[in-house]
Amino acid sequence: MPSPHSRATFPTTALQLEAAENLNQIGLLTWEFGQPLVKLSAIACGLLALPESVSLDTLLDLLDPKERPNLQAHWQQVLNGGQRNVVAEFAACLPDGRRRFGANALFERGADGALRCCVVALQDITSHDAMIQALSDSETRLEEAQQIAQFGYWEWDFEQRRAVLSDQAVKMWGLPPDWQADERGLLGLLPADQREWVGQLYAEAFSKRETSLRYEVRKSDAEGNVREFHSLVKIDYGASGKPRRLLATLQDISEVKSYRRQLHSLSFFDTVTGLPNRALFVDRLNQALTDASWHNQQLGLLMLDLDRFKDINDSLGHTAGDALLQQAAQRLQQAMREYDTVARLGGDEFAVLLPEVRHATDMGSIAQKVLSAFARPFDLGGQEVFVTASVGGAFYPADAQDAVQLMQYADAALYHAKSQGRNNFRFYSKELTRQASERLSLESELRKAIEMDELELYYQPKFDLASGVLVGAEALMRWNHPYRGMVPPLSFISMAEDTGLIVPMGAWALRSACAAATTWNAGRRLPLKIAVNLSARQFVGTPFSVTVSEALRSTGCRPEWLELEITESLLLDGRDEILAILQDIAAQGISIALDDFGTGYSALSYLTRFPVDTLKIDRSFIKDLPGDRSSAELVKAIVSLGHSLEMNLVAEGVETREQADHLVGLGCQLVQGYLYGKPVPHGLFSEMVALA
Ligand SMILES: Nc1nc2c(ncn2[C@@H]2O[C@H](COP(=O)(O)O[C@H]3[C@@H](O)[C@H](n4cnc5c(=O)[nH]c(N)nc54)O[C@@H]3COP(=O)(O)O)[C@@H](O)[C@H]2O)c(=O)[nH]1
């Protein structure tokens, strides 16, 4: 029988075998049983560093002693079981070191079943093993790195609807280790409130054929803590253009985000008081200045510092100093409106940004509010301490146009306030300081005016335009000041509204007007209707309808003798409480007039929603009648609107005969204005009533 190495018999097969041996570096060992030597192919000689023929013992000596029993077991199997093929791995100790081999042994038996020949194919798999080991090490390292970096990955195969999640991704997302994706895909894993927008994000990316997408989602963990995740997704599209596969990273960024927030907070907030610091304040000031210039608004800036802060810090210690700063910050925030910014600029220096100030003089009341916040003593670790503050203010656009200058001017004003004796405020402009002080003293005098009975109602007559018959009057408040004389409402009504004093003042006006109506209507055939102005502020707090019915009851005034004048802005407020109050008032039989009609926001739907009986055409439209075409058209439109809604129409501020004639022509029924009579005191109006 030909030996496995006799290439002369099958030259082609022998060549093929050699080529395969060479390509894969496979060495062949051939042992014919009974022969003392084993034959080695050239490659086998090279692999094992042995000559062409060696004894079996020489070969066995190469084996790692630990592996010999294993090989022995294989040999036994061949002997006992008649096995033809054995595949094994073993290590050999060679002159250049230990190497690992993969072996495939084939045995040939004779017709009697006895073993005749054995051919062993050998391959050096040392580097192969090393590669597998290196790959496994690198996978372990990757997994460890992912654990440390809170990083995982996931894949989604659209065709097979199959998801693959890395161990770390499974762990981070709080899934059981044996989790399997179901048909709904991975979107089902997101919290319900985030599925829709994430789904839309994908749909949009697919529609634009975008190849990557990144987004952040939030999810609560088992302990209920909200964790934040970032995903960077690569999108593979198939030939049809449909998405085929998503391959994504998943990173837990909760810590990073929290550090970022802390960093932001440290950069922009003061650690002692929690207030915005100088950097954030300047940023907000710049922003507010841009807004104010865009919307043509005025803006105020107050700087303040605590008087004697250094003494307290030195005598009571820094803990007490910090407590004082914290309590001062709290009081300042409570004293200001929600949209004002209170900041600590450093030390005992605070600043307040007032983004919307209607009148320059309002700054005085606000500065006063700041000072009043320090009226009560501070409790510093059980010790009561009185601390005052000094305030300086500057005003945009009157004083300065930019943040730096505005801050400099407010600071200069603060310095001035301190030098003037502390617990004090000063503004950069002397005129503003004067006006503010003036307004403050007026405010405190107005408080006393109610107690001192200094308020008075004037009455302006209202006539039927066609017949000239007196039909009623509008009650207008005056302040009979002991040394300023008669103060007109334009100088004090807005202040009364700001301070809330309008509530008791308005209730007083209502009672007085009702009492007057009762007197004038006693025994009168054609009763007079007296109109009283209301401010929006009177609708807050105690139900206003109760105040009204109380006024009627206590004065004996009949509801049909009273009219309440409200403005469009009250209706535009849109609150259901206001509608309910007005409905309650209307249900009592009191009429409601809409004052200054046409100057508001022209949302006419409220005219049908609210129980309005009368439209008072604002005097700004009457002023230019009849010459001005647009005023004439506007008044005509208002009159026609009033007629179609079956409302009464009163033209306000009629000063000339031409205006009156024009209004008669349009069909306006009632009129009020200097042409017919200015507002007069109660006594004079009584005389007018007697003569009518
Ligand atoms: N909430 C309350 N507001 C009140 C009260 N009393 C008055 N006011 C409001 O104050 C504003 C100013 O009022 P007043 O200075 O009294 O001016 C009124 C009239 O004198 C003036 N008027 C009337 N006719 C003419 C005219 O022919 N020419 C002209 N130049 N002025 C005229 O108009 C004012 C009445 O306006 P209106 O109220 O819109 O009908 C004013 O807004 C009052 O509402 C109060 O008690 N509570």
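All ligand and atom numbering here is 1-based and tracks the order in the structure. In this text the structure is predicted, and so the values were computed from the model without any measurement.
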Could you check whether Glu451 pairs with Lys448 (Lys NZ or Arg NE/NH1/NH2 to Asp/Glu carboxylate O, under 4.0 Å)?
no
May I ask you to check whether Met477 has an N/O atom sitting below 3.5 Å from an N/O atom of ligand 1?
yes
Considering only NZ, NE, NH1 and NH2 on the basic side and carboxylate oxygens on the acidic side, decide whether Glu445 and Arg484 come within less than 4.0 Å.
yes
With a 4.0 Å cut-off on N to O distance, would you call Lys529 and Glu560 a salt bridge?
no
Looking only at distances, can you tell me whether any N or O atom of Ser535, backbone or side chain, sits closer than 3.5 Å to an N or O atom of ligand 1?
yes
Side chain to side chain, Leu414 and Asp305, heavy atoms closer than 4.5 Å:
yes
Identify, for atom 11 (C) of ligand 1, the protein heavy atom at the shortest distance, and state residue, atom and that distance.
Leu490 CD2, 4.1 Å
Worked verdict on Arg619 versus Asp596 for salt bridge (Lys or Arg N to Asp or Glu O under 4.0 Å):
CA-CA 7 Å; Arg619 73 166 181 271; Asp596 309 333; over 6 Å; no
Give me the nearest non-hydrogen protein atom to atom 7 (C) of ligand 1 as residue plus atom name, then the distance to 0.1 Å.
Leu476 CD2, 3.6 Å
From Glu652, Gln460, Arg619 - option closest to atom 33 (O) of ligand 1 by heavy atom:
Arg619
Strictly under 4.0 Å, does any heavy atom of Arg478 approach an atom of ligand 1?
yes
Give the numbers and elements of all ligand 1 atoms closer than 4.0 Å to a heavy atom of Lys616.
40 (O)
In the protein, which heavy atom is nearest to atom 38 (O) of ligand 1, and how far is it?
Glu474 OE2, 2.8 Å
Which segment of Asp596 sits under 4.0 Å of ligand 1 when only heavy atoms are counted
side chain
Assess Lys678 against Tyr674: is NZ or CZ under 6.0 Å from the centre of the six-membered ring, and within 45 degrees of the ring's axis?
yes
Starting from atom 20 (O) of ligand 1, find the nearest protein heavy-atom neighbour and note its residue, name and distance.
Pro679 CG, 3.4 Å
Please list the nearest protein heavy atom to atom 2 (C) of ligand 1 with its residue and the distance rounded to 0.1 Å.
Asn533 CB, 3.5 Å
Does Glu497 pair with Arg537 as a salt bridge, N-O distance under 4.0 Å?
no
Do any heavy atoms of Glu497 fall under 4.0 Å from ligand 1?
no
In ligand 1, the atoms that come under 4.0 Å of a heavy atom of Gly653 are 24 (N), 25 (C), 26 (C), 27 (O)
Atom 41 (C) of ligand 1 touched by protein heavy atom at under 4.0 Å
no
Looking at atom 13 (O) of ligand 1, would you say a protein heavy atom lies below 4.0 Å from it?
yes
Return yes or no for this condition: an N or O of Tyr674 is under 3.5 Å from an N or O of ligand 1.
yes
Closest protein heavy atom (residue, atom, distance) for atom 28 (N) of ligand 1
Glu655 OE2, 2.5 Å
When you measure from the centre of the six-membered ring of Phe269, is the NZ or CZ of Arg344 under 6.0 Å away and within 45° of the axis?
no
Gly673 neighbourhood, listing ligand 1 atoms whose heavy-atom distance to it stays under 4.0 Å
24 (N), 27 (O)
Among the heavy atoms of Pro488, does any lie under 4.0 Å from an atom of ligand 1?
no
Between Lys462 and Glu563, is there a salt bridge with N-O shorter than 4.0 Å?
yes
Report the residue from Leu301, Thr341, Leu304 that forms a side chain to side chain contact (heavy atoms under 4.5 Å, CB included) with Val352.
Leu304
For atom 17 (O) of ligand 1, is the nearest protein heavy atom under 4.0 Å away?
no
Name the closest protein heavy atom to atom 15 (O) of ligand 1, giving the residue it belongs to and the distance to 0.1 Å.
Pro489 CG, 3.4 Å
Contact partition for Asp595 relative to ligand 1, non-hydrogen atoms under 4.0 Å
side chain
